[in-house]
Amino acid sequence: MISTRPTHARPQEVRADVVLATYVAMVVTAEAVTVFVNITSGLLVHAGIIVALLIRHFVRESTIPLSVLALPPLLRVLSFTMPIPELPVSAWYVLVGLPVLVACGLAMRATGWWLPDVGLRLRVHRSELVAVAMGLPLGWAASQVYSAPEIRLDGAGGPWPFVGVMLVFVALPEELLFRGMVQRVFSDQLDGAGVVLGAILFAAMYVPSLSPGLVVIMGIAGLAFGWAVAKSGNLGGAIAGHALLLASVWDLPTVLGI
Amino acid sequence: VSSTVNEMTLRTIQGHPYDVVSTSIGVLGILLLLTLLVIQELWNAKAGAAGTRRIAIFYSITVPLCMSFGVVVGLRVLSLLRN
């Protein structure tokens, strides 16, 4: 009897929604372990996720650029290994944000994405105004549930360089990573549900802030910014909204003496 | 209020001597870097020139980890020189 079945049948590809939901669940677990068990164990889980994603990238061709998903766990590893205790906290944002920007740039290059592919383009869309408008109220709400660490501007070279640092090394890398790259991967596979999954991942990365209220608010921010980016294909509104959110939490007008 | 520098980061870096932080968390970052470099070389040997493009994705993780390696090791060397 001649069998019609191929002798080297490829194993069935796991569904994209299952892969991505499992990935988000693993990152949430890693963040929970970081907070509720200890930091070393949490970072071990994050390191395991990075190694697993990269190995899978090579062992099996996938339609999902899984390697981009290694960036959020990398961000967490860098947030504990890069800060230098002798420097002011405002400089830590540069120390962590800079390698995150480098990582995003190299990941874009490896996946063949250009600046417009991740939403960095000179174009304004009406839906971006939603993200900008959400920044201040969300920041005010965040300031009610979370007391941000005191800003010492003495080591930051004055107030305006600090504002620049917040924009370039906090708002830009977080939006580029979570909305420009990770949400793009999610939305390519899951359409509208990708925005929700991206917001869950974004909120989970705020679990180490030790403020449940802030996690919820950042989840709402993730949904608002994610929707604006999905609708406009542009990161500008989300970056501006994120920067306004930071300004509200830190009460920057008072800090700047305005 | 950032996912990059959060409450846990502040408590860890400001609440412990850097020697303790670098010999636990810092070493973990270095071990991750070494693991990825080994996997990268193994894949390089296996795939050869054809795998060069796929190898590029490793750089997005290993280059930032090299920067972290520089900070951790640099600070330890400085600390040794001061003592």
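Proteins get letters first, then strands, A, B, ... in listed order; numbering begins at 1 in each.
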Expected contact set for residues 218-225 of chain A against chain B at heavy-atom separation under 4.5 Å reads none

Of the listed A/Leu71, A/Leu95, A/Leu210, the one with the largest count of heavy-atom pairs under 4.5 Å with chain B is A/Leu210

Considering only heavy atoms from C-beta outward, does the side chain of B/Val71 approach that of A/Thr81 to under 4.5 Å? no

Treating B/Thr62 as the side-chain partner and B/Phe58 as the backbone partner, does any N or O pair qualify as donor plus acceptor under 3.5 Å?
yes

Given B/Ile30, B/Thr12, B/Val72, the one with more heavy-atom pairs under 4.5 angstrom with chain A than any other is B/Thr12

Highest number of heavy-atom pairs under 4.5 Å with chain A among B/Gly29, B/Gly26, B/Ser2 belongs to B/Ser2

Ranked by heavy-atom pairs below 4.5 Å to chain B, first place among A/Ile39, A/Leu101, A/Val35 goes to A/Ile39

Counting heavy-atom pairs under 4.5 Å with chain B, the top scorer among A/Glu86, A/Glu174, A/Met108, A/Met205 is A/Glu174

Are B/Val5 and A/Ser79 close enough that some pair of their side-chain heavy atoms sits under 4.5 Å apart? no

The complete set of side chain to side chain donor-acceptor pair (under 3.5 Å) pairs with one or both residues in residues 34-45 of chain A, sequence neighbours excluded, reads A/Asn38-A/Ser41

Cut-off 4.5 Å, heavy atoms of chain B, and the answer for A/Phe178 is side chain

Max heavy-atom pairs within cutoff under 4.5 Å with chain B, candidates A/Ala70, A/Ala110, A/Pro72, A/Ala171, goes to A/Ala110

So, the part of B/Leu28 with a heavy atom under 4.5 Å from chain A: the answer is side chain

Per-residue tally against chain A (heavy atom, under 4.5 Å) across B/Ile39, B/Ile61, B/Val63 peaks at B/Ile61

Notebook entry, point to check: Can you find a pair of side-chain heavy atoms, one from A/Met181 and one from A/Cys104, that are under 4.5 Å apart?
Noted result: yes

Heaviest contributor of heavy-atom pairs below 4.5 Å to chain A, chosen from B/Leu36, B/Ile25, B/Val27, is B/Ile25

To the nearest 0.5 Å, atom CG of A/Leu177 lies from atom CG of A/Leu75 at 6.0 Å

Q) Would you find a donor on one side and an acceptor on the other, under 3.5 Å apart, between the side chain of A/Tyr206 and the backbone of A/Leu214? A) no

Practice item. For residues A/Leu54 and B/Gln40, determine if any side-chain heavy atom of one lies less than 4.5 Å from a side-chain heavy atom of the other. Key: no

Bottom line for A/Leu43: the part with an atom under 4.5 Å from chain B's heavy atoms is both

The interface call for A/Ile55 against chain B, heavy-atom contacts under 4.5 Å, is side chain

Flag side-chain contact, heavy atom, 4.5 Å: A/Tyr93 against A/Pro88: no

Greatest number of non-hydrogen atom pairs under 4.5 angstrom with chain B, of A/Val77, A/Val102, A/Ile84, A/Val68, falls to A/Ile84

Assert top hit (heavy-atom pairs under 4.5 Å, partner chain B, pool A/Ala47, A/Gly97, A/Gly48, A/Gly105) equals A/Ala47

Contact between A/Ile217 and A/Tyr146 at the side-chain level, heavy atoms closer than 4.5 Å - yes or no? no

To the nearest 0.5 Å, atom OH of B/Tyr18 lies from atom CG of B/Leu75 at 4.5 Å

Do A/Leu197 and A/Gln183 have side chains that get closer than 4.5 Å, going by heavy atoms? no

Tell me whether A/Arg184 contacts the main-chain N or O of A/Arg179 through its side chain, where contact means a donor paired with an acceptor under 3.5 Å.
no

Honestly, the part of A/Arg76 sitting under 4.5 Å from a heavy atom of chain B is side chain

